[in-house]
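Here the structure is laid out as structure tokens; the discussion comes afterwards.
Quick note: numbers below take in every heavy atom, side chains included, and nothing from hydrogens, waters or symmetry partners. Below, chain A is the first sequence line, B the second, and so on; all start at residue 1.
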4 protein chains.
Amino acid sequence: MAIDLNCDAGEAFGAWQMGEDATLIPLMTSVNIACGGHAGDPLVMRRTLELAARHGVAAGAHPGYPDLAGFGRRALPMPPAEVELWLLAQMGALAAIARSLGITLRHVKPHGALYNVAADEEALAQAIARAVVAFDAGLVLVALAGSALVTAGHAAGLRVAEEAFVDRGYDAHGRLVPRGMAGSLLPANGDVAARAVALARGQPILAQDGTSLTIQADTLCIHSDTAGATAIAQVVRAALGTAGVAIGSFSQARPTT
Amino acid sequence: MAIDLNCDAGEAFGAWQMGEDATLIPLMTSVNIACGGHAGDPLVMRRTLELAARHGVAAGAHPGYPDLAGFGRRALPMPPAEVELWLLAQMGALAAIARSLGITLRHVKPHGALYNVAADEEALAQAIARAVVAFDAGLVLVALAGSALVTAGHAAGLRVAEEAFVDRGYDAHGRLVPRGMAGSLLPANGDVAARAVALARGQPILAQDGTSLTIQADTLCIHSDTAGATAIAQVVRAALGTAGVAIGSFSQARPTT
Amino acid sequence: MAIDLNCDAGEAFGAWQMGEDATLIPLMTSVNIACGGHAGDPLVMRRTLELAARHGVAAGAHPGYPDLAGFGRRALPMPPAEVELWLLAQMGALAAIARSLGITLRHVKPHGALYNVAADEEALAQAIARAVVAFDAGLVLVALAGSALVTAGHAAGLRVAEEAFVDRGYDAHGRLVPRGMAGSLLPANGDVAARAVALARGQPILAQDGTSLTIQADTLCIHSDTAGATAIAQVVRAALGTAGVAIGSFSQARPTT
Amino acid sequence: MAIDLNCDAGEAFGAWQMGEDATLIPLMTSVNIACGGHAGDPLVMRRTLELAARHGVAAGAHPGYPDLAGFGRRALPMPPAEVELWLLAQMGALAAIARSLGITLRHVKPHGALYNVAADEEALAQAIARAVVAFDAGLVLVALAGSALVTAGHAAGLRVAEEAFVDRGYDAHGRLVPRGMAGSLLPANGDVAARAVALARGQPILAQDGTSLTIQADTLCIHSDTAGATAIAQVVRAALGTAGVAIGSFSQARPTT
């Protein structure tokens, strides 16, 4: 049983940079690439796809609310049927550039507010699943472990990779403590390492209120926009290695078309 | 020998409308649908694709410079390699929505400044042709008859539909008299009808300076953003019918996938 | 006692048109001009300001959520303090163009979702009032009659013009029946004329559920994006004239600087 | 005779950061703040204005082509009269936020492609000068030393601060060697220090081709988007201090309104 490591990437825009793609992507097994909705533009998409390919990392789409000014972190009041069309457009844009480079996308992970809202709102989760099925039913849907999006993905017949976070606090219901609130981030890289190993082994972790929480995760997210993300990834890989946990992409079995 | 009739469509954006899609599309054999670059958004794309499908009109992509504020009519100073990526992203976006509706795109026609600049600049024309080949080499490239884009399309191995304009003035070199200049528009629908028949039959027309000009056209463009576009299309169809010219899509032979 | 007639205007964007500004503005006493947030661009702003000045109509700012794609009709999840800054930026943009034309702005009316949310949410209403005071405390704030924005404007020391709608249904609480719901629009121009006279005289009108509702209005809004807006305005002016109600701007007393 | 030190700032956008504003601004005497055209948003504008005020640095507007995707570095094909309106809108937006903080703008410096094109194209330079005069004739116009924009500013009756660059190569005509070409950047901070002192004293410098070039500069630009900008600024300040050159804003005489 291998655990996947993923990060968001390609979140630059024009002259503006974001994250540590060049050093972080080589440490991942899957990378989620912004599609121009909340971040990214065609030049950034190509550059990021090439980086993933060069390091043998599985490339996926990372669509979000169409909201550059808000970086996809605002829950736009948008009907699920409209979100569905925006996801198609974003996946289509990235996939076209990928195909021109000989790269096949492997997975889709919604970004930011879209990811969070779809963890609990069924209609939105189902719209996301519909978009993925309509676009390419062979893509793996990456979703918060135990969320409504996991359920919607399975119901739509998709393979789903359940995701956990190595550096974020959880509440007793398995939802992330929102950014900016006490306990939203684990304080030290040591905690992150221990958390990563526990999650990879399916061992219980402690929620913010002390509740014991067992999360079945297929992939661990390393936040690319956290300062020191590359260092965190190195710590996580080392800890997993020491613990004897294999690292491998959830999507590596997919044949290249 | 049939002549194709095409119009640009799907050039609304959000709350803003453009053109007479609902009445004009049924009179066409091919429709070029904006892809979110110079106009269009996912809801508009879906609505326009559905309209084309309902009337049995071949749907194609109408990508442009990414410039909503300028409606794609400004020649952005953008390297051809970047244009190539933008075209991939735009074609990918539209094709993904089309596929979700069971619609296969048949052709690509660049919009506005992109179309005009590519008529003469070889590097840009070649970039456009590369993008189409990389995206789907089965698509027909629609280009100004006799332009550098025709040459680039053929060199890249694409089928090319050469386009002529029923309501625009030509100069002696077969280029359109720019909008806003004297002679840029034919004054009356009667002139348009006669022009359409001559173009469809490959008969010479008069350029703005009186030169005789013979244009080999596969498709005639009806400008959707001209007031009375639907009436012009009706006049053109009637004149072609009277003259015994068959009307049919240049792409109708393509099998639906 | 005169009643003011206002409409929203300048809601074009680039190549896209909106409304009937050229024929509607001359029939108004106040015009609310979009500032580039939900609609409008600098060329449109200048054109609309010139139109207002040519017809002696008082010009005001019509700021909205910064959301061209949603035309300001979506309630963006944005903290009131950020809205305050966006309003400053939008009013500043329009006022700078106005000043270059020798035009002084007289009033401010929030647009769309911003107007509606501020009718009930005090923190947002207060942020809007603060922005207006900081920008120019001599501006009149236009707000839904009886709403939280009226209260916030008065509390901030602003002159407030309370607004009523001649063509929209009201609920028993004096709020508009949302668009798309039954009863959101009055069915006939005759109803609109009678409604306008009643509102201008402070006489009761019937809410959607039959409740009698008395609204104290300083200005009546003619929706510029309703088909036939110019005809509605003519009907309203004629009815007010027949009823002996004077028409005049709420802001005409302001000295031009 | 004091020399002014200026940098561009406030060039973040939403979640994207740019430059070293927090450490660089305190070392300047004038700061040019993006206005939402090529960069910046209302939150960024406020934050940057507050930073300038806290450190007693004169705040000015830094308007650019309305082109976030191109960061204002592309020469948009836009008529001068339209540029004029965009500048009014951008200056108005920043000034409104400044006024709400009790800050008065002191100067205007065009950004990027706008700055460069206006150095040689008179019609554009005059449009910029007209916009500044119409907005606030008390603002100082910052322009490339010896350029057409200096001439246009003087002709319009504006005070003009002529600008030189401490880290950029010049050609024999006093224009900057374009970025990306050999000699566009001085190789070492030592060269920058010597260049700064020579420019501040009005002593000749060597152009890229060895020509001796004397530039009369009122202000020296420290590029905020160069890596190590803060260190460069410290080196420049130290060198000026050692050379006995006083540092002071060109605009400090302006009374606060």
Residue pair B:A96 / A:L88: nearest heavy atoms and the distance that separates them | CB-O, 3.2 Å
dist A:I97:CD1 -> B:M91:CE (nearest 0.5 Å) comes out at 10.0 Å
Reported CZ-to-CD distance for the pair A:R46 and B:E82, which is rounded to 0.5 angstrom = 9.0 Å
Go through A:A81, A:P42, A:A134, A:A93 and name the one with the most non-hydrogen pairs under 4.5 angstrom from chain B.
-> A:P42
Quick one: which of B:G92, B:A131, B:S100 has the most heavy-atom pairs under 4.5 Å with chain A, could you say?
-> B:G92
